[in-house]
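Worksheet: one structure, shown below.
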Amino acid sequence: MTVLGHSNAAPQNRHHLSYTGFRVNRPGSRFPRQDSPFMRLSAYFLPILRDDPKEAEIISHKLMLRAGMIRQEAAGSYSWLPLGFRVLKKIEQIVREEQNRAGAIEVLMPTIQSADLWRKSGRYDAYGKEMLRIKDRHDRDMLFGPTNEEMITDIFRHGAQSYRDLPRNLYHIQWKFRDEVRPRFGVMRGREFLMKDAYSFDLDAEGGRHSYNKMFVSYLRTFARMGLKAIPMRAETGPIGGKDSHEFLILADTGESQVFFDRDFYDMDWTEFSIDYDDAAAVGKLVEDFTSKYAATDDKHEAAEFEKLPADRRLSGRGIEVGHIFFFGSKYSEPLGAVVQGKDGQPVTVLSGSYGIGVSRLVGAIIEASHDEAGIIWPEPVAPFKLALINLKAGDSGTDAACEKIYGALGAKGVEVLYDDTDARPGAKFATMDLIGLPWQVIIGPRGLKDGIAEVKNRRTGERSNVPLTEIVDRFSA
RNA sequence: CGGAGUGUAGCGCAGUCUGGUAGCGCACCUGCUUCGGGAGCAGGGGGUCGGAGGUUCGAAUCCUCUCACUCCGACCA
């Protein structure tokens with residue numbers, strides 16, 4: 001992003017022109033461009049609610065509504081307001097980066113699909129009422145995609161003819177719709193939801209195993225980057241079918257399923273997953289480490305096996321599923337004719353797996369796992385802004401000037417800052433910022449200003465420290 | 001899909017039983033005083049009561065139909 005002007009820009013509302021004549025924004029502008037890393041609260045759209053809306057049952061749903069992140073449009077379908085949208089995009093981007101790192105290739109498929117492919121796989125009738133069926137003007141059967149195995153398999157088979165075209169892993173991040181009988185829990189179980197789905201294609205079982213394992217490791221990395229410990233558990237394969245399957249669950253009191261797992265998961269290293277994805281043995285070893293310990297949801301729970309663990313290692317709690325991976329072999333490639341020519345010239349039916357992450361669900365899941373009485377506590381990598389700059393006395397020339405200077409300097413360094421430049425009272429400002437949960441609060445008021453200091457508060461720990469104004473920018477732009 | 005419930009101002013609610021033309025708190029606007037953890041006073045703006053039909057001189061209120069949303073269950077990423 002191009003930012004012109006001085007880092008210590010004085011407050012003013014005029015737009016400046018870049019050399020190309022396009023208007024660009026700068027920290028001093030009251031209305032920065034939409035992709036700006038910084039924002040003035042006075043120019044933002046943040047409809048905060050003081051009371052819990054009655055339709056919300058669980059904490060994440062209440063907090064998302066109160067923090068002005070989402071707005072319900074119909075049962076299980078939500079508009080994403082600016083603050084929520086930023087979080088959604090942060091999560092989406094982390095997922096994207098880790099998919100790419102693991103060698104998956106991004107595509108984009110339509111939300112509306114033709115029924116034809118689904119008739120071929122036999123799922124048009126099998127899927128039931130959860131599938132939203134639509135007719136177009138020619139009375140053709142269409143549907144709003146609940147998932148994309150058929151379509152991606154069809155895409156792949158048209159683009160791959162030889163064993164040389166394998167292995168491949170294609171993924172997309174797209175809105176899906178499942179017409180749940182009873183949507184609830186806000187974005188945790190909506191009807192319309194944003195999902196990352198990857199689909200792997202391999203020549204043989206060994207290759208398929210490697211593809212599966214790569215996704216397994218990429219999931220460990222993905223969730224770890226969001227500040228989550230998502231424990232992989234043996235899973236039911238459900239309507240998608242297949243043999244090997246793991247669910248990734250994060251622990252939260254409001255989780256939808258009961259989980260049982262080995263305490264050892266707590267002691268494992270959840271941060272160091274730098275690994276060569278092409279090294280099948282190393283990847284397999286890491287997967288082995290994470291799957292050899294007991295972890296299961298209630299429907300796969302085997303009490304007898306669990307009891308073998310020493311009592312102090314047997315842990316149980318509630319979990320929220322945030323990812324699910326399957327290896328299902330030829331379940332779709334067979335009926336859809338995904339066949340390539342092998343080395344010996346003979347046709348080979350490819351083997352595939354599918355790997356999902358609930359991107360929109362993660363927004364709620366992270367809040368379930370990270371909040372307190374005052375509101376949300378965002379892990380820094382997914383926070384809508386890194387810090388809140390709070391002007392305790394807007395209108396006072398001293399605090400205004402000090403805040404503008406820091407706001408401008410942080411903006412110039414690309415630090416994501418939400419600047420509360422409104423003339424609300426201090427207590428209201430603190431409450432709002434605690435509610436929306438930005439990781440850091442930089443508080444500037446006349447009291448500290450006398451000594452040239454700002455108060456820096458860590459949202460998670462509540463820890464406060466006095467930091468000289470001159471050091472603020474360096475501290476957050478490192 | 002079975003059971004229960006709720007729709008009245010942006011949000012939370014009262015009013016409905018016992019019909020008489022809509023009210024409270026928060027939020028919002030103006031002014032004054034305040035100003036380091038959701039300020040006080042004063043003055044304002046905003047809803048036609050989910051929708052349609054009916055009963056009645058008169059309907060938020062009674063009747064019929066309908067739509068939406070929520071909760072429990074079954075189901076599910």
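Quick note on labels: first sequence line is chain A, next is B, and so on, each numbered from 1.
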Does OP1 or OP2 of [N] have a side-chain N or O of [X] closer than 4.0 Å?
X: A:Arg425; N: B:G37; result: no
X: A:Lys176; N: B:A77; result: no
X: A:Arg184; N: B:U70; result: no

Quiz prompt | Side chain of A:Pro53 - closest among B:C71, B:U70, B:G12 | solution =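 Of the options given, the side chain of A:Pro53 lies nearest B:G12.
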
Practice problem: Measure from the side chain of A:Gln72, starting at C-beta and using heavy atoms only, and say which of B:U70, B:A74, B:A77 lies closest. | Solution: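 Of the options given, the side chain of A:Gln72 lies nearest B:U70.
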
Could you tell me how far apart [X] ([atom1]) and [N] ([atom2]) are, to the nearest whole angstrom?
X: A:Arg189; N: B:C71; atom1: CZ; atom2: P; value: 11 Å
X: A:Glu180; N: B:A74; atom1: CD; atom2: C1'; value: 12 Å
X: A:Leu249; N: B:A77; atom1: CG; atom2: P; value: 12 Å
X: A:Glu130; N: B:A74; atom1: CD; atom2: P; value: 15 Å
X: A:Gln441; N: B:G37; atom1: CD; atom2: P; value: 13 Å
X: A:Glu57; N: B:G5; atom1: CD; atom2: C1'; value: 13 Å
X: A:Arg50; N: B:A9; atom1: CZ; atom2: P; value: 20 Å
X: A:Leu46; N: B:G38; atom1: CG; atom2: P; value: 19 Å

Pair partner, [N] [Watson-Crick or wobble, under 3.5 Å]:
N: B:A60; answer: none
N: B:C1; answer: B:G73
N: B:C41; answer: B:G31
N: B:C49; answer: none
N: B:C26; answer: B:G10

Self-check item: All side chain to side chain donor-acceptor pair (under 3.5 Å) counterparts of A:Asp372, not counting sequence neighbours
Solution: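 Applying side chain to side chain donor-acceptor pair (under 3.5 Å) to A:Asp372 gives A:Arg459.
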
Quiz item: Is A:Asp434 paired with A:Lys457 through a side-chain N to carboxylate O contact shorter than 4.0 Å?
Solution: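 Yes, A:Lys457 and A:Asp434 are salt-bridged.
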
Practice problem: Give a yes or no on whether a salt bridge exists between A:Glu302 and A:Lys300, defined as a side-chain N under 4.0 angstrom from a carboxylate O. | Solution: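 Not counted as a salt bridge, because no side-chain N and carboxylate O are separated by less than 4.0 Å.
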
Distance criterion of 3.5 Å, no angle test: do you see the side chain of [X] paired donor-to-acceptor with the base of [N]?
X: A:Lys457; N: B:G37; answer: yes
X: A:Arg66; N: B:G12; answer: no
X: A:Asp434; N: B:G37; answer: yes

Self-check item: Between A:Tyr171 and A:Asn148, a side-chain donor and acceptor under 3.5 Å
Solution: no

Exercise. Check the side chains of A:Ser333 and A:Arg157 for a donor-acceptor pair under 3.5 angstrom, ignoring hydrogens and angles.
Key: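 Their side chains do not contain a donor-acceptor pair, so the 3.5 Å distance test is not met.
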
Quiz item: Taking for each residue the nucleotide of RNA chain B bearing the nearest heavy atom, is the 5' side occupied by A:Ala74 or by A:Gly427?
Solution: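 Looking at the nearest nucleotide for each, A:Gly427 comes out on the 5' side.
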
Quiz item: Closer to the 5' end of RNA chain B via nearest nucleotide, is it A:Met188 or A:Phe430?
Solution: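 Closest to the 5' end, via its nearest nucleotide, is A:Phe430.
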
Exercise. Please check if the distance between the ring centroids of A:Phe248 and A:His246 is under 6.0 Å.
Key: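 No - the distance between ring centres of A:Phe248 and A:His246 does not fall below the 6.0 Å cut-off.
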
Quiz item: Got a sec? Which of residues 370-396 of chain A come in under 4.0 Å of RNA chain B, heavy atoms?
Solution: A:Leu392

Quiz item: About how many Å separate OH of A:Tyr127 and CG of A:Leu143, when rounded to the nearest 0.5 Å?
Solution: 10.0 Å

Quiz item: Is the cationic atom of A:Arg221 (NZ for Lys, CZ for Arg) positioned less than 6.0 Å from the six-membered ring centroid of A:Phe273 and within 45 degrees of its normal?
Solution: no

